[in-house]
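Here's the structure we're looking at; comments come further down.
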Amino acid sequence: VLSRAMAALGAYRCIECNGEATELYRDYQRGVLRISICKSCQKPVDKYIEYDPVIILINAVLCKAQAYRHILFNTKINIHGKLCIFCLLCEAYLRWLQLQDSSQNTDPDDLIRYAKEWDFYRMFGIASLEQTSFFIGIFITLWWMTPEMLKKKSDFILLLKALLLSTYGKLLLIPAVIWEHDYTPLCLAFIKVFVLISNSQAIRVTLNLNRILPWFAIFFGLILENGVVFLFQKMGWDV
């Protein structure tokens, strides 16, 4: 029923040209399926519907626009909220761990005590505020530069979902900390760059923009985020 309703609204997108499509495939029953062809570019609307999820994930990691369109427009993934919370927990854990570096006590029993400390929850709150300010900076810039792209509430929701999903790179913070070595700071810097590239691709695919405007919005978002960090530092907080 849901698929028919989406088809009636033309809610699917061609992963190649971003054109609207009424269906992804046609079911001829008895296991016979035929992938729909886009009327604009004459290519399959969504070739990923017959791909293994691992292949789709690899293409998403490579920041391919086709994979992003498949995930955002042609699937019903509703894990963006949980993914956001988990990524913030990873970032808060990393910051909390850095605060504990000054402690010389390595007794495993202290891990339970450390887990109860409010420093971790404070780091989680700071990370949440920083990410919120980053997103606000992006929304303000895009709304100012391309107001026609963000006319409806659904446009804002779709862009927010895309941004939340594109922060999945922060999950790499945990293995980077677990496998600690001399190049950990460099790894963390690469993770930050990867997340920003993913954010840029998500904005570009969602709003069908060129490559320059998403980076301009991200730049303004980083300015606002760093402003929040500076404010916390002026208050004497460790961030």
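- Here the straight-line distance linking atom CD1 of Ile56 with atom CD of Gln66 works out to 12.5 Å at 0.5 Å rounding.
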- Message: One pair to check against side-chain contact (heavy atoms from CB on, under 4.5 Å): Leu207 and Leu150. What are the steps and the verdict?
- Response: CA-CA 9 Å; Leu207 302 181; Leu150 297 171; 4.1 Å; yes
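- A 6.0 Å sphere centred on CZ of Phe216 holds no more than 12 heavy atoms belonging to other residues, nucleotides or ligands.
- Considering every non-hydrogen atom in both Ala67 and Ala60, the closest pair reads CB-N, 3.8 Å.
- Residues Ala217 and Thr141 approach most closely at CA-CG2, 3.7 Å, considering heavy atoms.
- No more than 12 heavy atoms of other residues, nucleotides or ligands sit less than 6.0 Å from atom CZ of Phe219.
- Rounded to the nearest 0.5 Å, atoms OH (Tyr12) and CD1 (Ile49) are 9.5 Å apart.
- Side-chain atoms of Asp52 and Ile55, non-hydrogen and from C-beta on, do get closer than 4.5 Å to each other.
- Taking a 6.0 Å sphere around CZ of Phe139, one finds it holds more than 12 heavy atoms contributed by other residues, nucleotides or ligands.
- Gln201 places a side-chain N or O within donor-acceptor distance of the main-chain N or O of Cys63, the cut-off being under 3.5 Å.
- Ion pair Arg34/Glu23 not flagged as a salt bridge, since none of the NZ, NE, NH1 or NH2 atoms sits closer than 4.0 Å to an Asp/Glu carboxylate oxygen.
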- Residue pair Phe194, Tyr168: steps toward the ring pair (Phe, Tyr, Trp, His ring centres under 6.0 Å) verdict: CA-CA 10 Å; Phe194 175 73; Tyr168 67 91; 5.7 Å; yes
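- Summarising the geometry, atom CD belonging to Glu225 is positioned 11.5 Å from atom CD1 belonging to Ile218; distances are rounded to the nearest 0.5 Å.
- Both Leu163 and Trp144 are members of a single hydrophobic cluster when ILVMFWY side chains are connected at heavy-atom separations under 4.5 Å.
- A 4.5 Å side-chain heavy-atom check between Ile77 and Leu72 finds every atom pair outside the cut-off.
- Heavy-atom neighbours of Leu62 CG from other residues, nucleotides or ligands within 6.0 Å: above the threshold of 12.
- Look at Lys152 and Asp155 and you find no salt bridge, because none of the NZ, NE, NH1 or NH2 atoms lies under 4.0 Å from a carboxylate O.
- Under the 4.5 Å side-chain heavy-atom criterion for grouping Ile, Leu, Val, Met, Phe, Trp and Tyr, Met149 is connected to Leu160 within one hydrophobic cluster.
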- Walk me through it: do Asp46 and Cys14 pass the test side-chain contact (heavy atoms from CB on, under 4.5 Å)? CA-CA 6 Å; Asp46 192 345; Cys14 173; over 6 Å; no
- Task: Might you work through the side-chain contact (heavy atoms from CB on, under 4.5 Å) test for Leu129 and Phe124, ending with a clear yes or no?
- Result: CA-CA 9 Å; Leu129 288 175; Phe124 179 81; over 6 Å; no
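- Here the options are Asn59, Asn74, Thr75, the test is side-chain hydrogen bond (donor to acceptor under 3.5 Å, both in side chains), and the partner is Tyr48; only Asn59 passes.
- Shown here for Cys17 and Cys38, the closest heavy-atom pair between the two residues is SG-SG, 3.5 Å.
- When all heavy atoms are compared, the tightest approach of Pro44 to Glu16 is O-CG, 4.3 Å.
- Relative ring orientation between Trp96 and Tyr93 is described as tilted, the plane-to-plane angle lying within the 30° to 60° band.
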- Give the C-alpha distance, both sets of side-chain angles, the deciding distance and a yes or no for side-chain contact (heavy atoms from CB on, under 4.5 Å) between Leu158 and Phe73. CA-CA 9 Å; Leu158 179 61; Phe73 298 119; 3.6 Å; yes
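- Closest of all the heavy-atom pairs between Phe220 and Gly137 is CD2-O, 3.3 Å.
- Using a 4.0 Å cut-off between a side-chain N of Lys or Arg and a carboxylate O of Asp or Glu, Glu50 and Lys47 do not qualify as a salt bridge.
- When the side chains of ILVMFWY residues are joined at heavy-atom separations under 4.5 Å, either directly or via intervening members, Ile140 and Leu164 end up in two distinct hydrophobic clusters.
- Trp215 CH2: more than 12 foreign heavy atoms inside a 6.0 Å radius.
- For Asn18 (side chain) and Arg13 (main-chain N/O), no donor-acceptor pair under 3.5 Å exists by modelled atom type.
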